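Here's the structure we're looking at; comments come further down.
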Amino acid sequence: MADVDDLYITKMIRKTMLPLNQILPAIAPLAARRTIDAMDTLGAGQMDPRRYPKIYADMLLASMRSDIESSGLEGWRLKKQTNCLHLVNEDTGLYVRMLKESRQAPPSAGHNKTRRIAWAQPGLIQQDELMLEGTNQPLSHVRMIIAWVEDKGDFQFTAYHTIGTGKYPHGAPTDLAFSIGIEEDEYLHSSFTSTQDEEIIIPKANLIITEPSTSTSIGHE
């Protein structure tokens, strides 16, 4: 069986996501500070993000979305819906969702039909074969998740390619997981990790925060 790390499609995914690797560590801490300040103002000093983790995560996501929109991230298009952070690469068609990390890594799809379809995509070995058939957007059939964990203003991002919906309390199975938002040289030369047969433990403090129930879609998704 082919090694996912050596697939052409895997290398193209990493190359396509390089601009996200560069921008995420720059915007996330600033977005966090703005969000904390905003909650402090709204709650008259009583709205601690630890007491309102869902509100904090939603506002943080919106702030990062605004930064990406104002930066004019070349080659990437934000989906119009503002209650989420979904991006599409205009050259390759790669679709990326951003979510807060959870004790599930990545979170299961839940009951939402759109998410279940997106999560239960073919594995990269099969998708690599599909890509070789030729298309203007060779990654248009690939859906990636970027999930973040925050600890006192320090952010870690992980990119996942899911191959199933998962079922709570277990996360979705994946055939690809790699760090993103790291030094460029490390990003370009790091190895990938399959999490299909592993249970990834996330710190208990990082409680699950999913997308709003009115999830958005791309095209037919």
Side-chain angles (χ1 to χ4, degrees), residues 4-5 10 13-37 39 48-50 52-68 71 73 76 84-87 89 94-109 119 142-162 166 168-211:
V4 171
D5 197 28
T10 304
I13 289 171
R14 173 153 58 179
K15 182 179 179 181
T16 299
M17 295 179 70
L18 179 59
L20 299 178
N21 180 72
Q22 296 165 336
I23 196 172
L24 288 176
I27 65 173
L30 295 174
R33 286 198 290 271
R34 287 197 302 266
T35 300
I36 291 172
D37 289 344
M39 292 181 68
D48 189 329
R50 291 171 295 184
Y52 300 91
K54 179 69 166 67
I55 293 175
Y56 174 70
D58 287 345
M59 291 178 66
L60 176 59
L61 198 69
S63 185
M64 287 194 290
R65 187 188 192 284
S66 178
D67 284 340
I68 290 174
S71 72
L73 189 61
W76 289 88
C84 60
L85 179 42
H86 294 189
L87 302 108
N89 185 268
L94 180 66
Y95 191 104
V96 177
R97 285 173 167 83
M98 282 204 64
L99 299 171
K100 186 183 183 299
E101 188 61 277
S102 68
R103 279 175 284 183
Q104 312 167 53
S108 57
W119 262 239
V142 179
R143 304 291 183 264
M144 295 293 294
I145 294 171
I146 297 178
W148 84 83
V149 172
E150 179 190 1
D151 181 20
K152 298 178 181 178
D154 292 327
F155 285 81
Q156 291 182 329
F157 301 91
T158 306
Y160 298 100
H161 180 264
T162 59
Y168 186 82
H170 304 292
T174 73
D175 61 353
L176 179 67
F178 59 93
S179 295
I180 190 168
I182 57 180
E183 292 293 333
E184 184 170 327
D185 185 66
E186 181 183 356
Y187 175 80
L188 291 173
H189 299 98
S190 61
S191 297
F192 297 106
T193 302
S194 170
T195 61
Q196 184 174 357
D197 298 317
E198 302 172 5
E199 183 180 0
I200 296 180
I201 305 299
I202 301 299
K204 187 174 182 180
N206 293 292
L207 300 177
I208 180 170
I209 296 180
T210 61
E211 294 170 292

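In this text, all values refer to a predicted model and were calculated from it rather than measured experimentally. Counting from 1, the numbers follow the sequence of the chain as shown.
- Considering every non-hydrogen atom in both Ala159 and Met144, the closest pair reads CB-CE, 4.0 Å.
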Apply the test side chain to side chain contact (heavy atoms under 4.5 Å, CB included) to residues Ile145 and Tyr95: give CA-CA distance (whole Å), side-chain angles for both, the deciding distance (0.1 Å), then the verdict. CA-CA 9 Å; Ile145 294 171; Tyr95 191 104; over 6 Å; no
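- The nearest pair of heavy atoms linking His161 to Arg143 is CD2-O, 3.7 Å.
- The shortest heavy-atom contact between Leu24 and Pro29 is O-CD, 4.4 Å.
- By the salt bridge (Lys or Arg N to Asp or Glu O under 4.0 Å) test, Asp48 pairs with Arg50, sequence neighbours left out.
- Atom CE of Met98 is separated from atom CG of Leu20 by 8.5 Å, given to the nearest 0.5 angstrom.
- Between His86 and Val96, the closest side-chain pair of non-hydrogen atoms is not below 4.5 Å.
- By the side chain to side chain contact (heavy atoms under 4.5 Å, CB included) test, Ser71 is found to be paired with Ile23, Leu73, residues two or more places apart in sequence or in another chain being considered.
- Of all the heavy atoms in Val4 and Asp175, the pair that sits closest is CG1-O, 3.8 Å.
- Two residues are said to be in side-chain contact when any heavy atoms from C-beta on lie closer than 4.5 Å; Tyr56 and Glu150 meet this criterion.
- Proximity of Tyr160 to Glu101: side-chain heavy atoms (C-beta onward) are separated by under 4.5 Å at one or more points.
- Looking only at side-chain heavy atoms (C-beta outward), Leu99 and Pro106 stay at 4.5 Å or farther from each other.
- Rounding to the nearest 0.5 angstrom, the gap separating the CG atom in Asp58 from the CD1 atom in Ile55 is 8.0 Å.
- For Gln156, there are no side-chain hydrogen bond (donor to acceptor under 3.5 Å, both in side chains) partners, not counting sequence neighbours.
- Listed by first then second residue, pairs satisfying salt bridge (Lys or Arg N to Asp or Glu O under 4.0 Å) with a partner in residues 19-30 number zero, not counting sequence neighbours.
- Applying the side chain to side chain contact (heavy atoms under 4.5 Å, CB included) criterion to Ala28, with sequence neighbours excluded, gives Met64, Phe155, Phe157.
- Applying the side-chain hydrogen bond (donor to acceptor under 3.5 Å, both in side chains) rule to Arg34 yields the partners Ser63, Asp67; only residues at least two apart in sequence or on another chain are considered.
- The backbone N or O of Ala147 sits nowhere less than 3.5 Å from a side-chain atom of Thr158 that would complete a donor-acceptor pair.
- Minimum interatomic distance between Leu60 and Ala32 (heavy atoms only, all atoms of both residues): CD1-N, 3.4 Å.
- Looking at Tyr187, its side chain never comes within 3.5 Å of a backbone N or O of Gln22 through a donor-acceptor pair.
- The shortest non-hydrogen separation linking Leu94 to Trp76 is O-CZ3, 4.0 Å.
- Counting only distance, with no hydrogens or angles, the side chain of Ser108 and the backbone of Gly166 share no donor-acceptor pair below 3.5 Å.
- Contact check for Arg97 versus Ile146: no side-chain heavy atoms found under the 4.5 Å cut-off.
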Name every donor-acceptor pair, under 3.5 Å, that has one atom in a side chain of residues 176-183 and the other anywhere in the protein, sequence neighbours excluded.
none

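- For the pair Thr35 and Pro49, the minimum side-chain heavy-atom distance is 4.5 Å or more.
- With sequence neighbours excluded, no residue forms a side-chain hydrogen bond (donor to acceptor under 3.5 Å, both in side chains) with Asp37.
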